[in-house]
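Computed over heavy atoms, backbone and side chain alike; hydrogens, waters and symmetry mates excluded. Residue numbers start from 1 in every chain, and the chains themselves are labelled A, B, ... in the order their sequence lines are given, proteins ahead of strands.
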Amino acid sequence: MEDVTRAVEAILFASEEPLSVEAIEGHVGENLAVEGAVKEALGALAEHYEGRGIELVERGGRWHFQTAPDLSHHLRREREEPRRLSRAATETLAIIAYHEPVTRAEIEAIRGVQISKGTLDVLMEAEWVRTAGRRETPGRPLQYATTREFLTHFGLGSRRNLPGIDDLKAAGLLDPLDEEALQLELESDETLASEDEED
Amino acid sequence: MEDVTRAVEAILFASEEPLSVEAIEGHVGENLAVEGAVKEALGALAEHYEGRGIELVERGGRWHFQTAPDLSHHLRREREEPRRLSRAATETLAIIAYHEPVTRAEIEAIRGVQISKGTLDVLMEAEWVRTAGRRETPGRPLQYATTREFLTHFGLGSRRNLPGIDDLKAAGLLDPLDEEALQLELESDETLASEDEED
Amino acid sequence: MGEPLFASERSREGQLHLDLDGWEGPLDLLLSLARNQKVDLTQISILDLVEQYLAFVEKAKEVKLELAADYLVMAAWLAYLKSCLLLPKDPEADPSPEELALRLQQRLMRLDAMRDAGARLLARDRVGRDVFVRGAPEGLKLIRRAAWQSSAFDLYAAYGRVRARTQPAVHMVHDRRVMTLEDAIHRVQQMLGIAVEWTTLEAFLPATDDPAFRKSCLASSFLAALELARQGKLALEQEEAFSDIRVKAA
């Protein structure tokens, strides 16, 4: 087994969080981490662990080891699901993931109902959602997007791996909401005004 | 790879603490953990990981994965951050260089200002200053001197290459600058105050 | 969804009770109604859907259920849409009722798609539920070390500074030609013998190219004149402020 591969294996094992190739290279050190060596080692390791009890996965450009999904019944501890999401939170998370970056008004337009502040808070606290700058339109509303932790948690290599995203895109269901769609909104002017206050 | 071996691998990987054979068997479940199967799996895994970046070890009847000891240097990554030496430290260093071996009290007498412990620590950390025995006078104070690294860093072949007082005078470095002196006065008052806090 | 269309139950008083908590807003209710048609959302009859929604709102009113304003606004809009769809076509109408119906359908499809996507996300192999990361990672450490920087010039300048600061200060006054008061008294007394008329004080000063010495002579001579005047040996006069001071033997 090559030295660099051993080092990468140990580093990923010891790490408390997923690591980018650059971070791994930093730990491997210049002597071993010659051009492309870490990437090669990652490929070799991923292949080696395939079918074993542990697997090496890449999520949003960062790598980590995790147990194989089919072994969950051996590992599931007698404790609650890490985070039980409400329906509102689940839908909001899906809307952000499939449409990002997306404003709160857009989320509300899709759901046809206002979202409470708490819903976004839950998603931000879970570190699955982050603010993503302001939209350069009148009112400069805040935008939301998903995080790398979101990809890690839901086992997604990248946003392209979101279930069914290609089909939804093809069906035009992820197109930006046009002005008219927003006009069809059920929200009165009052709700818009109260939103402004919040910001 | 056998199912039971995969399960044991995943269980040990995910466990927060070393596990006994019985505990592993409990997680694996009766279906897979037939007589001796877990022990066999542990043996197979230990063999498999030998020489890799990770190893499977038994300590007091409990099993756990750990990174290979010879790779520990990859898990600690040092990063050097350039920092400019403070004025107090530079002056102290200069006094040591010109007067070594010199005691702390002498440094303070020459500087005309007290020095904090931190100042000498910084110079020792930079490996430019070392302790040089004790002065055989009452109180036996520690003496300080410069190091080989000091000479290297400042491009001096030996201490004899330090410019003499006359050289400094010729370079205008000994000219008293009233304004600067005044400022120094103020500064040293401040640093004294903060130095006191430090100690 | 598996939610009952009308989550109704007989309450103790035997009154029909509608549970609106099951629907998060009118769009949610509409989607629920649409799904109840058990056809593909693209095939859904918007007219049927509108009628079901209006019937629901009607029923809610009958049982005096307080409906959120949102539901009523949607009901009004749907009633308008329904009338447009039923009336003979008005070619001027923009957007056409068909287009409005299509947009409503698309909104329902969009919400349905997101609801489905959310369910699929939650069903994935999630970290901490289905797959697990290392339980007791050793952890990676980043040790920051200061690389201290200083140049030889900094060092010499610092030493120069220390020396300049702490060198005992010796104040040297260079030799300067001065005329002492005694000399001046002596000189003025002698000169008075020659000058019997009023004479300016300056005329008594020795000729010199050294302006500092001249200043010293002037100051001393003035003091000498005052001293001699005090002794009654000399008279002083000045016509106005800053004009010449003149002296004469008394």
With a 4.5 Å cut-off on heavy-atom pairs, point out which of C:L111, C:D125, C:L140, C:L142 contacts chain A the most. C:L140

Do the charged groups of C:D210 and C:R214 touch, with an N to O distance under 4.0 Å? no

Run the salt-bridge test on A:E136 and A:R140 with the 4.0 Å N-O cut-off and return the result as yes or no. yes

Under 3.5 Å, is there a donor-acceptor pair between the C:T42 and C:D40 side chains? yes

Evaluate whether atom CZ of A:R130 has more than 12 neighbouring non-hydrogen atoms of other residues, nucleotides or ligands under 6.0 angstrom away. yes

Hey, is CZ on A:R159 packed in by over 12 heavy atoms from elsewhere, all under 6.0 Å? yes

With only heavy atoms counted, which part of A:I95 is less than 4.5 Å from chain C, the side chain, the backbone, both or neither? both

I need the residue from A:D70, A:I54, A:L156 with the largest number of non-hydrogen atom pairs under 4.5 Å to chain C. A:L156

Heavy atoms under 4.5 Å from chain C: which residues of residues 9-29 of chain A carry them? A:I11, A:F13, A:A14, A:S15, A:E16, A:L19, A:H27

Mind running side chain to side chain donor-acceptor pair (under 3.5 Å) on A:H99 and C:R110 for me, showing each step along the way? CA-CA 11 Å; A:H99 292 83; C:R110 199 186 268 256; 3.2 Å; yes

Sort A:A88 into side chain, backbone, both or neither according to what part of it lies under 4.5 angstrom from a heavy atom of chain C. both

So which of C:L30, C:L121, C:L31 has the largest heavy-atom pair count under 4.5 angstrom toward chain A? C:L121

Please check if the number of heavy atoms outside C:F222 that lie under 6.0 Å from its CZ is greater than 12. no

Donor-acceptor pair between A:T103 and A:Q143 side chains, under 3.5 angstrom: no

Could you check whether any side-chain N or O of A:T146 sits under 3.5 Å from a backbone N or O of A:V129, counting only pairs where one atom can act as donor and the other as acceptor? no

At a heavy-atom separation under 4.5 Å, does A:H73 approach chain C through its side chain, its backbone, both, or neither? neither

